[in-house]
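Notes follow the structure.
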Amino acid sequence: MENLLPWLEALTFWHWMVLGLFLIVLELVLPGIWFLWLGIGGLGTGLVLLFAGPMTWQYQITLFCAFSVASIFVGRLVMRRSADSEDHPMLNRRSQRYVGQVFALIEPTEQGYGRVRIGDSVWRVRIVGADAELPGESRIRVTGADGATLLVEPVDNP
């Protein structure tokens, strides 16, 4: 600790600015989202030192911690709001997009399972409800999904 004390007492705003930029660049290279907030804390500490003048290293560390924690909370609020306003909320949940739609089986069902063609994909389906066996070309309505298996019910064919 004695060797570290002279270095801590010599901290200036440049040290904090470089640390903040280093942490932000580290965020770009490594997965996760923690280094960004610490980098913002370092930049904030550097700016306070630039405009307020020199401070003891204890105050500088306290400022860094306060800015880092504050940036984490503000970042979480911003990210939560932006997650609510997605343009395509079902983008990564393809199976949920098909709920309520009607399709035709491409083959008869066996033991309650069959297949249906949707676009250029073939999906596995499981019949839920009364009849577990349906002939090929039967119309079915998607009611939900269980992983990559669509849960379907028969549609009354005219």
Side-chain angles (χ1 to χ4, degrees), residues 11 13 15-51 58-158:
L11 283 175
F13 78 95
H15 293 104
W16 290 105
M17 299 298 264
V18 169
L19 176 67
L21 291 174
F22 173 75
L23 289 169
I24 290 173
V25 169
L26 198 60
E27 178 69 34
L28 296 173
V29 176
L30 297 176
I33 194 161
W34 287 103
F35 292 113
L36 174 66
W37 313 125
L38 298 175
I40 291 171
L43 291 175
T45 304
L47 288 174
V48 167
L49 285 174
L50 176 65
F51 293 112
Q58 292 93 341
Y59 285 127
Q60 292 179 38
I61 298 292
T62 303
L63 267 177
F64 172 69
C65 292
F67 276 125
S68 296
V69 170
S71 67
I72 289 170
F73 283 118
V74 170
R76 287 179 58 100
L77 285 174
V78 169
M79 291 176 70
R80 187 174 298 137
R81 285 191 183 143
S82 68
D84 293 341
S85 63
E86 290 182 15
D87 290 343
H88 306 286
M90 296 292 182
L91 181 64
N92 291 322
R93 296 181 292 193
R94 281 184 59 198
S95 58
Q96 295 298 322
R97 288 192 274 171
Y98 302 128
V99 172
Q101 295 186 27
V102 176
F103 302 101
L105 292 170
I106 59 174
E107 60 187 25
T109 59
E110 294 180 16
Q111 299 178 352
Y113 288 91
R115 297 186 318 156
V116 64
R117 180 174 302 282
I118 302 174
D120 61 351
S121 301
V122 175
W123 288 76
R124 183 177 187 205
V125 297
R126 185 176 80 204
I127 309 296
V128 292
D131 294 326
E133 303 301 323
L134 296 173
E137 300 297 320
S138 295
R139 294 173 50 81
I140 46 99
R141 175 177 288 115
V142 179
T143 60
D146 182 18
T149 301
L150 298 176
L151 306 176
V152 298
E153 64 184 10
V155 173
D156 294 330
N157 293 320

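- At distances below 3.5 Å, not a single donor-acceptor pair connects side-chain atoms of Glu153 with backbone N or O atoms of Ile127.
- Partners of Ile72 according to the side-chain contact (heavy atoms from CB on, under 4.5 Å) rule, which considers only residues two or more places apart in sequence or in another chain, are Trp34, Trp37, Arg76.
- Separating the CG atom in Leu150 from the CZ atom in Phe103 is a distance of 8.0 Å, to the nearest 0.5 Å.
- Residues meeting the ring-ring contact (aromatic ring centres under 6.0 Å, His included) test with Phe35, sequence neighbours left out: none.
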Start with the C-alpha gap between Ile61 and Phe64, add the side-chain angles, then the distance that decides, and say whether side-chain contact (heavy atoms from CB on, under 4.5 Å) holds. CA-CA 5 Å; Ile61 298 292; Phe64 172 69; 5.6 Å; no
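- The ring of Tyr98 has its center closer than 6.0 angstrom to the ring center of Trp123.
- Summarising the geometry, atom CG belonging to Leu50 is positioned 12.0 Å from atom CG belonging to Leu43; distances are rounded to the nearest 0.5 Å.
- Side-chain contact between Ile33 and Met79 is present, with at least one heavy-atom pair separated by less than 4.5 Å.
- In this structure the side chain of Leu11 never reaches within 4.5 angstrom of the side chain of Leu49, judged on heavy atoms.
- Paired with Val125 under the rule side chain to side chain contact (heavy atoms under 4.5 Å, CB included), one option of Val142, Ile106, Val152 passes, and it is Val152.
- In terms of heavy atoms, Ile140 sits closest to Pro154 at CG2-CA, 4.2 Å.
- One finds the CD1 atom of Ile118 at 7.5 Å from the CD atom of Gln101 (value rounded to the nearest 0.5 Å).
- No donor-acceptor distance shorter than 3.5 angstrom exists from the side chain of Ser138 to the backbone of Leu105, with no hydrogens or angles considered.
- For the residue pair Gly41 and Ser68, the shortest heavy atom distance occurs at CA-OG, 3.7 Å.
- Scanning for side chain to side chain donor-acceptor pair (under 3.5 Å) contacts around Glu107 gives Arg115, with sequence neighbours left out.
- Across all non-hydrogen atoms, the minimal contact from Glu137 to Ala104 is O-CB, 4.2 Å.
- Interatomic distance, Leu28 CG to Leu23 CG, rounded to the nearest 0.5 Å: 11.5 Å.
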So Ile24 and Leu36, side-chain contact (heavy atoms from CB on, under 4.5 Å) or not? Walk me through it. CA-CA 5 Å; Ile24 290 173; Leu36 174 66; 4.3 Å; yes
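- Within a 6.0 Å sphere centred on CD of Gln58, other residues, nucleotides and ligands contribute more than 12 heavy atoms.
- Not one N or O on the side chain of Thr149 forms a donor-acceptor pair closer than 3.5 Å with the backbone of Arg124.
- Between Thr109 and Arg126, every side-chain heavy-atom pair lies at or beyond the 4.5 Å cut-off.
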